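Written out below as structure tokens is the structure these notes cover.
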Protein chains: 2
Amino acid sequence: MTIAKDMTGGIALWRQIADAIRLDIVGGKLATGDRLPTEAALAQRFSANRHTVRRALSVLADEGVVGAEQGRGTFVRSARRLSYPIGKRTRFSEGLAGQARTLTTQHLGSRVENANAAVAAALGIKPGNRVVRIEGVSLADGLPLSRTTTWLPYRRFPDFAGRIVERLSFTAVFASYGIADYSRSSTRISARHADVEETKLLGLRPGAILLVSEAVDVDAEGVPISYALSRFPAERMELVV
Amino acid sequence: MTIAKDMTGGIALWRQIADAIRLDIVGGKLATGDRLPTEAALAQRFSANRHTVRRALSVLADEGVVGAEQGRGTFVRSARRLSYPIGKRTRFSEGLAGQARTLTTQHLGSRVENANAAVAAALGIKPGNRVVRIEGVSLADGLPLSRTTTWLPYRRFPDFAGRIVERLSFTAVFASYGIADYSRSSTRISARHADVEETKLLGLRPGAILLVSEAVDVDAEGVPISYALSRFPAERMELVV
DNA sequence: TCGCATTTGTGCGTATGTATT
DNA sequence: AAATACATACGCACAAATGCG
């Protein structure tokens, strides 16, 4: 990984260095417990001053990714990145089972609103039609993994919001509406920087990169039942097709 | 889209604003030919100075995304983002056909090297075994779309490098080795910032976000034949499963 | 043609953050 | 720890081009 030395790109050198080291760790080049190269070696590798490297390391230490020990060196604390499988039968909790000890979903709220153009197109309804909007965050072992906004047609699922708070599983609520099975019809994947609200809810630093997935689920007849906009911290998650 | 006002996140405000506006454009909120809000209005929206907004707009103007006209306003020049389909039978040129007028692939070079752990695991060979490594860039209508590094087992494809420069199509070269058909066995998707080499080759600004896809193709018997690491500028491409 | 509001373009001063030496 | 150089961000003012009544 090479790096832009001046700050004309609008991204501070310490952040570029922190991102590069974090990538080495979550990408597998450095395992949990490994000792990082010395600060002097890192400074040479990135053509930066040791002060700058130290700032990058202190950021990673705050995140819990590495820990410095005086006189011994800096060590990798946790090196795992979870894989989220995407396919025809994508189910959130099933896909991550086994990768984390505890997997929880927090329901942040919901409301009924009018569908904008994007939501209407995804759900195959007219713009302005009523839709239920559900906000949620999921955590693995206490660490936020995804921030999801889901829209469903109000006509078909008028009380979806009421039922999701009890059951906490989309699959279960769909079943309560008589939908025994459903499948993923399409997933679009893009990437961008997190905004401040996402930064806060996902416990990230400003400027973190998000993987954004827009998914449409359909029932057995192929009728769209939900449109989900999920945002995953790229430093903690990867998507597997 | 809310934005971090201070620069404590290591990402300059003008860059965050440029990213947010670009997202509005490629995301469909602003169409080609639309007039952007005035600089004063944007400054208010992002709680920033007009100078800062102007810097963001000048970056977007350099990219060709918007154009400013004195006395009239700033207008959206081009609003399209290409979709790259991913599936069992993923073929690069087929997937993008119809989305761009011209689609070219540049062969940047190749060499034989020893497989590292990641490459070996993907290809199902022993680390240290010889592999052919191919570097390439593809362009749509002259605009760089992807930067791809591909590894293939040397034992099976000793002259792959020689043949790719003539045929310029992986499908065609595989056919010349007697592989009539092949399919995608897995695709892993992540995201990160571009490094300086990628920035240069893809014609991006420092700090641009890349969608990274790691794909393994297998022959009819399920034996891995190639491991491809592709990097797409997130501002120009999205992946569709 | 004139005047006026709107909008982009330009200049300068100040304060703060970044990175090196 | 301090000095230096540069980039970022803000605030104010004014010039230049456009469009409209």
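The structure displayed is predicted, hence computed values, not measured ones. What you see below is based on every heavy atom in this structure, not just the backbone, and it leaves out hydrogens, waters and symmetry mates. Note on naming: letters A, B, ... go to the chains in the order of the sequence lines (proteins, then strands), and numbering restarts at 1 for each one.
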Note to self: Distance check, rounded to the nearest 0.5 Å: A:Leu229 atom CG versus A:Thr150 atom OG1?
What the structure shows: 8.5 Å
Item checked: Set of ring-ring contact (aromatic ring centres under 6.0 Å, His included) partners for B:Tyr84, sequence neighbours left out -> B:Phe92, B:Phe232
Note to self: Treating primed atoms plus P, OP1 and OP2 as sugar-phosphate and everything else as base, which nucleotides of nucleotides 3-12 of chain C get B, S or - for protein heavy atoms under 4.0 Å?
What the structure shows: ----BBBBBB
Checklist line | Heavy atoms from other residues, nucleotides or ligands near CD of A:Glu113 exceed 12 (cutoff 6.0 Å) | finding: yes
Next item on the list: Measure the angle between the two terminal helix axes of the helix from C:dC2-D:dG21 to C:dT21-D:dA2, five base pairs each, and quote it to 10°.
Entry: 10°
Tell me: [atom1] of [X] to [atom2] of [N], nearest whole Å?
X       : N      : atom1 : atom2 : value
A:Arg15 : D:dT8  : CZ    : P     : 15 Å
B:Gln44 : D:dG11 : CD    : C1'   : 16 Å
A:Leu13 : D:dT8  : CG    : C1'   : 16 Å
B:Asn49 : C:dG13 : CG    : P     : 17 Å

Checklist line | Main-chain N/O of B:Ile11 paired with B:Gln16 side-chain donor or acceptor, under 3.5 Å | finding: yes
Item checked: Out of C:dT20, D:dC10, D:dT8, whichever nucleotide has its closest atom nearest the side chain of B:Trp14 -> D:dT8
Using side-chain heavy atoms (C-beta onward) and a distance below 4.5 Å, is [X] in contact with [Y]?
X        : Y        : result
B:Arg133 : B:Val112 : no
A:Arg147 : A:Glu135 : yes
B:Leu36  : B:Leu30  : yes

Item checked: Residue pair B:Thr149, B:Arg231: steps toward the side chain to side chain donor-acceptor pair (under 3.5 Å) verdict -> CA-CA 9 Å; B:Thr149 306; B:Arg231 288 139 284 180; 2.7 Å; yes
Notebook entry, point to check: Distance check: side-chain N/O of A:Thr52 vs OP1/OP2 of C:dT18, anything under 4.0 Å?
Noted result: no
